[in-house]
Amino acid sequence: MLTNSIKININSVDGTQNFARLFSQIIEPGTFICLYGPIGSGKTTFVQFVCKKLGIEEQVTSPSFVIINEYSSGIYPVYHFDLYRLEKEGIDTILSELEEYSTNNKAVTFVEWAGFSQNNLLDDRIEINFEYTEDFSDKRLIEICSIGNRYNTFIERLNSIIVNCEF
């Protein structure tokens, strides 16, 4: 039976890095990942760690002010979107570009603040929600879900490699 969501507790930034390492081991080109969570919850940090494991040599930064950062030095290109600063008109403008980038089966696409998309995202995607578990700590609850059917196997594979891990 396929599991389409996983919840894990992260106890530190090192735990986030360890989770990102495992996540990057099974990621494939064409993967579309939407990131949710409050400011400072670890979305960009997670993308930085995954990019490092994918061999990205460029400095990975938040695309808040530029909407998209593209990284091409790793084993696959990475597109890193941030929808935080876009209002409805901006979202409408970027959605066709987001879809074009996300259907590139040779790249990995991350979308921070995906909730601002007004649910105009690909039907098949991985959603990762970052939540604080304590005030002013590095502890997080991360939930990884498969939306649609395409990534159910990904979630099952991820679950099998993190089952006995502590983060």
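For clarity, every value in this text was computed on a predicted model and none was experimentally measured.
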Single-linkage hydrophobic cluster, 4.5 Å side-chain cutoff, V66 and V60 together: no
If you take the centroid of each ring, where Trp contributes its six-membered ring, are F19 and F46 closer together than 6.0 Å? yes
Distance, nearest 0.5 Å, that separates CG of L158 from OG1 of T153: 12.5 Å
With rounding to the nearest 0.5 Å, note down the distance linking CD in E112 to NE2 in H80. 3.5 Å
Side-chain donor-acceptor contact under 3.5 Å, E127 with N129: no
Test of ring centre spacing under 6.0 Å for Y71 and Y79: no
Any side-chain donor-acceptor pair under 3.5 Å between S12 and D138? no
Measure centre to centre between the rings of F154 and F23, then say whether the value is under 6.0 Å. yes
So, taking the atom named CD1 in I126 and the one named OG1 in T109, what distance separates them when rounded to the nearest 0.5 Å? 11.0 Å
Can you tell me if K43 uses its side chain to pair, donor with acceptor, with the backbone of P38 under 3.5 Å? yes
Donor-acceptor pair, distance only, cut-off 3.5 Å: does the side chain of S24 make one with the backbone of A20? yes
Pairwise distance CG(N152) to OG(S146) - rounded to 0.5 angstrom: 4.0 Å
In this structure, would I147 and I6 fall into the same cluster of hydrophobic residues linked by side-chain contacts under 4.5 Å? no
Interatomic distance, OG1@T16 vs CZ@F49, rounded to 0.5 Å, equals 6.5 Å
Could you check whether R157 pairs with E28 (Lys NZ or Arg NE/NH1/NH2 to Asp/Glu carboxylate O, under 4.0 Å)? yes
Describe, in one word, how the ring planes of W113 and Y84 are oriented to each other, choosing from parallel (under 30°), tilted (30 to 60°) and perpendicular (over 60°). tilted
Could you tell me the separation between the CZ atom of R125 and the CZ atom of F32, rounded to the nearest 0.5 Å? 7.5 Å
Residue from I128, V50, T44, I68 passing side-chain contact (heavy atoms from CB on, under 4.5 Å) with F110: V50
